[in-house]
2 protein chains.
Amino acid sequence: MPTITRRHDPDRRARILRATLDVVAEHGVAGTTHRRIAAVADVPLGSMTYHFASLDDLLTEAFTLLADTVAARFTERLAAAGTRAEACEAVVDLVVDDSWATPRNLLLSYELYAYAARVPALRGVMQGWMGKSRAALEQHFAPGTARALDAMIEGLSIHRSVDLEPAGRAEVRAIVARLTGDALALP
Amino acid sequence: MPTITRRHDPDRRARILRATLDVVAEHGVAGTTHRRIAAVADVPLGSMTYHFASLDDLLTEAFTLLADTVAARFTERLAAAGTRAEACEAVVDLVVDDSWATPRNLLLSYELYAYAARVPALRGVMQGWMGKSRAALEQHFAPGTARALDAMIEGLSIHRSVDLEPAGRAEVRAIVARLTGDALALP
DNA sequence: CCGCGATGCGTACATATGTACATATCGCAG
DNA sequence: CTGCGATATGTACATATGTACGCATCGCGG
């Protein structure tokens, strides 16, 4: 019998995880189903329950992947800064640039925050994420300042995604300057 | 025939809306169903489709109610401040107190942010909310400072809800002082 | 080369869900 | 008091969903 082409798929698991984030970004956790993910990942439905015990397990692992990826990029971007001024500029970039604060990432963050409230394992992941961010900032700034900057990055990113006239680069730079205590022209 | 007690329920609609927020807070939008809401509001299932055309309509209206309520409280708290120093303290309160930044409200905010990304009507609601907050802050601070404070309130509230050792009142006060430019002892 | 554990695949099934609808009851304007 | 429009209520039903399971097929160690 001519059986249909059967694939050998070494990284199918990873592809499912990526597809999960895609589906969550597009439909929200509320609209995320095994079947939708399977369609995006281009795998049969049976693969879902084979690779992941339950949908919650899948979501948990996908969100963990997201946090690790984003935290790594964050750290990387800050580690590339040599001087304090460069570090400030890196912070501005993280808020303003289309590298991390992309609509997709913001959206996924909201979904993660909401979901994590009901999955203890993810609370740990979020704490780890925040810890890494703070550690990266503390390589350039005092602990208190790092904390303030971390929160400000979060708040500004969110508000910029809602605002009809988002704060521009200059304004963000001025705010960072106030928090770091470095003198800078205020608008 | 002795018919079961049939209730006359003038504010049933409002009760359903409140129940919706309760259910969302407990189960997330993903776990919000007509039947769960009906159970919490103590109304029969049929009432759901009678008072609200669809589940999405219901969620949209409930989130609008949330935004209006929270924005009103925010404005009220800031309007009560007479001096600039009192305004700063009000901002600190909004972050640290158990009045607005309660776990429930934070959680509902995450759900709203995520949900609003897919419902255009709610984007307007969020913009209105942010506008009101900013207006309230601008009664005491310059526009740029108001923007920074608004974002910082958001970011600090979120991070405080995740952090194992949340920033204390003193630390929050110091951050606010930096943003407002008012001199204050730094820790 | 061969066997076996890992992986892939389709399908079945109980359940939960959104929504429609027929009917019953109530408040109140005239 | 009397309709009548608004509201209440229970139920039906098509559909989507999570998960289980049996079987097919493959990679690879011995």
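Naming convention: chains lettered A, B, ... in sequence-line order (proteins, then strands); numbering from 1 in each chain.
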Looking at R173(A) and E89(A), is there a salt bridge between them, counting it only when a charged N and a carboxylate O are closer than 4.0 Å? yes
Nucleotide N/O to protein N/O under 3.5 Å, stretch nucleotides 27-30 of chain C:
none

For [Y], does its backbone N or O pair with a side-chain atom of [X] as donor and acceptor, under 3.5 Å?
X	Y	result
T102(B)	D98(B)	no
R160(B)	G168(B)	no
R118(B)	A114(B)	yes
R36(B)	G31(B)	yes

When the side chains of residues 44-53 of chain B are checked against the rest of the protein, which donor-acceptor pairs come out under 3.5 Å, sequence neighbours left out?
residue: S47(B); atom: OG; partner: R12(B); partner atom: NH1; Å: 2.6
residue: T49(B); atom: OG1; partner: G46(B); partner atom: O; Å: 3.3

Considering residues, nucleotides and ligands other than R104(B), do more than 12 of their heavy atoms fall under 6.0 Å from its CZ? yes
5' to 3', nucleotides 11-18 of chain D under a 4.0 Å protein heavy-atom cut-off (B base, S sugar-phosphate only, - none) gives B-----BB
N/O (side chain, Y50(B)) to phosphate O (OP1/OP2, dA8(D)) under 4.0 Å: no
Check the phosphate of dA6(D) against H51(B), side-chain N and O only, distance under 4.0 Å to OP1 or OP2. Yes or no?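 Checking dA6(D) against H51(B), no side-chain N or O comes under 4.0 Å of OP1 or OP2.
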Under the criterion side-chain contact (heavy atoms from CB on, under 4.5 Å), which of V29(A), L59(A), I37(A) is the partner of V23(A)?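 The residue from V29(A), L59(A), I37(A) that satisfies side-chain contact (heavy atoms from CB on, under 4.5 Å) with V23(A) turns out to be I37(A).
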Pairs of donor and acceptor atoms involving the side chains of residues 139-157 of chain B, under 3.5 Å and at least two apart or interchain, shall be tabulated with distances.
residue: H140(B); atom: NE2; partner: L78(B); partner atom: O; Å: 2.9
residue: T145(B); atom: OG1; partner: R178(A); partner atom: NH1; Å: 3.1
residue: R147(B); atom: NE; partner: E171(A); partner atom: OE2; Å: 3.3
residue: R147(B); atom: NH1; partner: E165(A); partner atom: O; Å: 3.4
residue: R147(B); atom: NH2; partner: E165(A); partner atom: O; Å: 2.9
residue: R147(B); atom: NH2; partner: P166(A); partner atom: O; Å: 3.3
residue: E154(B); atom: OE1; partner: H159(A); partner atom: NE2; Å: 3.0
residue: E154(B); atom: OE1; partner: Y113(B); partner atom: OH; Å: 3.1
residue: E154(B); atom: OE2; partner: Y113(B); partner atom: OH; Å: 2.7
residue: S157(B); atom: OG; partner: I153(B); partner atom: O; Å: 2.7

Could you identify which residues of residues 9-30 of chain B place a heavy atom less than 4.0 Å from some atom of DNA chain D, listed by residue number, or say none? D9(B), R12(B)
Side-chain donor-acceptor pairs of residues 121-132 of chain B under 3.5 Å, sequence neighbours excluded:
residue: R123(B); atom: NH2; partner: S161(A); partner atom: O; Å: 3.2
residue: Q127(B); atom: NE2; partner: V162(A); partner atom: O; Å: 3.4

